[in-house]
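See below for the structure under consideration.
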Amino acid sequence: MANLESILNELDEVLESATTLPLTSKCMVDADRIRDLIDDIRLNIPSEIKQARAVVADRNEILSMAKQEAEELIRKAEERAKALVDNDTIVRQANAKGMAMLSEASAKASEMVNQATARSNEIMSQASQKATEMLTQANLRSKEMKQTAFDFSESMLRSTEDTVAKALSGIQTTRQAILQSARAAVQQGTPMQGGRGGL
């Protein structure tokens, strides 16, 4: 199944290859093809949403991994600190070193979580923006296609009305000429052509 970008490109190609009506700014398009492309857009929108959800899932996984690694660093730092303070002679040094290791591990863990959060937010924002842009473009193209079809139908109806009106006017003119000819023949006592003696 094609993605939304390729479907929109094909929609552009259909519009560019449309036949322009003489003496107008209107054009004729393949309505069935346009409908098929609009249906394809509707079918692709759920897949774009799934991709966005996958990005959210990836974000949660990144955060979870960062937190696990941070917890592991803190655990190792705590174990190392405890090992250093087992000897009474180096209790103070061990405490100081242990606190420094804990502080460093906490700072590193916090930095990793912040970086992971920033990156996941950026990815999610980009995916959301792209999905919104595609939906907006699809809605605009759909409205343009509907307006084009309406304008074309309206133009054809007006042209048909003009043709019918002209034909009706010609019929009325011919009828009036026949009636006048018949009345003149009756007044002159002359039979009409075709063997009929009057109206």
Side-chain angles (χ1 to χ4, degrees), residues 1-18 29-150:
M1 183 182 294
N3 57 34
L4 281 178
E5 190 68 28
S6 64
I7 296 172
L8 291 174
N9 289 337
E10 187 172 351
L11 197 56
D12 278 333
E13 292 176 3
V14 171
L15 290 175
E16 290 176 359
S17 62
V29 294
D30 186 349
D32 290 336
R33 185 57 187 149
I34 295 299
R35 292 190 189 97
D36 289 342
L37 291 173
I38 292 174
D39 289 340
D40 288 343
I41 289 172
R42 292 193 180 102
L43 290 174
N44 272 268
I45 288 175
S47 66
E48 297 294 335
I49 293 175
K50 288 180 181 179
Q51 291 179 6
R53 290 177 177 172
V55 169
V56 174
D58 290 341
R59 171 183 181 273
N60 293 335
E61 184 177 356
I62 291 171
L63 288 174
S64 177
M65 291 176 62
K67 289 179 180 178
Q68 288 178 2
E69 188 172 353
E71 290 173 357
E72 182 66 16
L73 287 172
I74 293 173
R75 184 186 64 79
K76 289 181 179 180
E78 290 175 343
E79 290 175 355
R80 178 61 176 165
K82 289 178 181 179
L84 290 173
V85 298
D86 286 341
N87 193 335
D88 293 338
T89 59
I90 56 172
V91 168
R92 292 182 182 179
Q93 294 179 355
N95 285 335
K97 190 172 183 179
M99 291 299 295
M101 292 176 65
L102 284 173
S103 177
E104 181 181 355
S106 296
K108 185 175 181 180
S110 178
E111 181 181 359
M112 292 174 64
V113 170
N114 290 337
Q115 290 177 351
T117 300
R119 177 57 180 162
S120 62
N121 287 340
E122 180 182 358
I123 294 173
M124 188 173 180
S125 176
Q126 291 175 352
S128 177
Q129 182 178 358
K130 185 176 181 181
T132 300
E133 290 175 356
M134 288 183 174
L135 286 174
T136 300
Q137 290 179 2
N139 288 333
L140 288 176
R141 296 298 168 80
S142 176
K143 289 179 181 178
E144 289 175 0
M145 290 302 96
K146 290 179 180 178
Q147 185 63 44
T148 299
F150 175 80

Roughly how far, to the nearest 0.5 Å, is [atom2] of [Y] from [atom1] of [X]?
X      : Y      : atom1 : atom2 : answer
Asn114 : Leu63  : CG    : CG    : 10.0 Å
Arg141 : Ile41  : CZ    : CD1   : 8.5 Å
Ile74  : Met101 : CD1   : CE    : 12.0 Å
Ile123 : Ile62  : CD1   : CD1   : 5.5 Å
Ile7   : Gln137 : CD1   : CD    : 12.0 Å
Arg119 : Arg59  : CZ    : CZ    : 13.0 Å

In this structure, are over 12 heavy atoms from other groups packed under 6.0 Å from [X] atom [atom1]?
X      : atom1 : answer
Met124 : CE    : no
Arg75  : CZ    : yes
Glu104 : CD    : no
Glu61  : CD    : no

- [ ] Using the side chain to side chain contact (heavy atoms under 4.5 Å, CB included) rule, take Val56 and Asn60 through it: C-alpha gap first, then chi angles, then the decisive distance, then the call.
- [x] CA-CA 6 Å; Val56 174; Asn60 293 335; 4.0 Å; yes
Please check if the side chain of [X] supplies one atom and the backbone of [Y] the other of a donor-acceptor pair under 3.5 Å.
X      : Y      : value
Thr132 : Ser128 : yes
Ser125 : Asn121 : no
Ser106 : Leu102 : yes

Task: CA sep, side-chain torsions, deciding dist, call: Glu111, Lys108, salt bridge (Lys or Arg N to Asp or Glu O under 4.0 Å) - done: CA-CA 5 Å; Glu111 181 181 359; Lys108 185 175 181 180; over 6 Å; no
Task: Stepwise side chain to side chain contact (heavy atoms under 4.5 Å, CB included) test for Ile38 and Leu11 - done: CA-CA 9 Å; Ile38 292 174; Leu11 197 56; 5.5 Å; no
TODO: Give a yes or no on whether a salt bridge exists between Glu79 and Lys76, defined as a side-chain N under 4.0 angstrom from a carboxylate O.
DONE: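 Looking at Lys76 together with Glu79, the answer is no, because their closest N to O distance does not fall below 4.0 Å.
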Task: Cationic N near anionic O, under 4.0 Å, Lys130 to Glu133 - done: no
